[in-house]
Amino acid sequence: QVQPVESGGGLVQAGGSLRLSCAASGRTFSSYAIGWFRQAPGKEREFVAAMSPAGSNTTLANSVKGRFTIARANSGNTVLLQMNSLKPEDTAVYFCAAGSVVGKNYIWNYWGQGTQVTVSS
């Protein structure tokens, strides 16, 4: 079992950047698919980005393409979400999830507690 732990959230002005990190507590991350999700107040949790275990495949939500990137670091044990050109509508709690790839789908088994990102206008 692995426990994702997020860090790096905070308050930033519109147009600014933040980098979120997701690290594993208990086991290494390198064999897991990793995803980022977010949930704004009063809204459903939504997909942001995902990376396959080997890092060969990445997927980004249309709303963040061209602004966010997902990458592994620290020999695959940390997954970064680099967020540039932030907008007020990016304000949300961001969650990291670990899971696996089944066919063409990601299955998310483990979730972090989330980190708050607030973008001021």
*hydrophobic_cluster_shared for V2 and V79, side chain cutoff 4.5 Å*: yes
_Atom of A92, atom of A40 and distance for their closest heavy-atom approach_ = CB-N, 3.8 Å
*Nearest non-hydrogen partners of Q116 and T91, listed with the distance*: NE2-CG2, 4.0 Å
*Would you indicate whether the side-chain heavy atoms of P4 and Y32 approach each other to under 4.5 Å?*
no
_Please enumerate all residues that pass side-chain contact (heavy atoms from CB on, under 4.5 Å) together with V117, with sequence neighbours excluded._
L18, L20, M83, Y94, V119
_For V12 and S17: C-alpha separation, side-chain torsions, deciding distance, then whether side chain to side chain contact (heavy atoms under 4.5 Å, CB included) applies._
CA-CA 7 Å; V12 64; S17 298; over 6 Å; no
*Compare every heavy atom of G114 with every heavy atom of V93, then report the nearest pair and how far apart it is.*
CG1-CA, 3.8 Å
*Taking the side chain from Q113 and the backbone from V5, do they hold a donor-acceptor pair closer than 3.5 Å?*
no
*Could you give all pairs that pass the salt bridge (charged side-chain N to carboxylate O under 4.0 Å, His left out) test and reach residues 38-63, with sequence neighbours left out?*
R38-E46, R38-D90
Distance-only criterion, 3.5 Å: show the donor-acceptor pairs between side-chain atoms of residues 55-65 and protein atoms not counting sequence neighbours.
{"residue": "N62", "atom": "OD1", "partner": "K65", "partner atom": "NZ", "Å": "3.2"}

*Does the side chain of T115 come within less than 4.5 Å of S7's, by heavy atoms?*
no
_Result of checking Y106, F47, F95 against F37 for ring pair (Phe, Tyr, Trp, His ring centres under 6.0 Å)_ = F47
*Would you say Q13's side chain and S120's backbone share a donor-acceptor pair under 3.5 angstrom?*
no
*Where is the tightest heavy-atom contact between F29 and A23, given as atom of each residue plus distance?*
CE1-C, 3.5 Å
*asked:* Check for me, please, whether W36 and V101 land in the same ILVMFWY cluster - side-chain distances under 4.5 Å, paths through other members count.
replied: no
*Quick one: closest heavy-atom pair of N77 and S30, and the distance?*
OD1-N, 4.0 Å
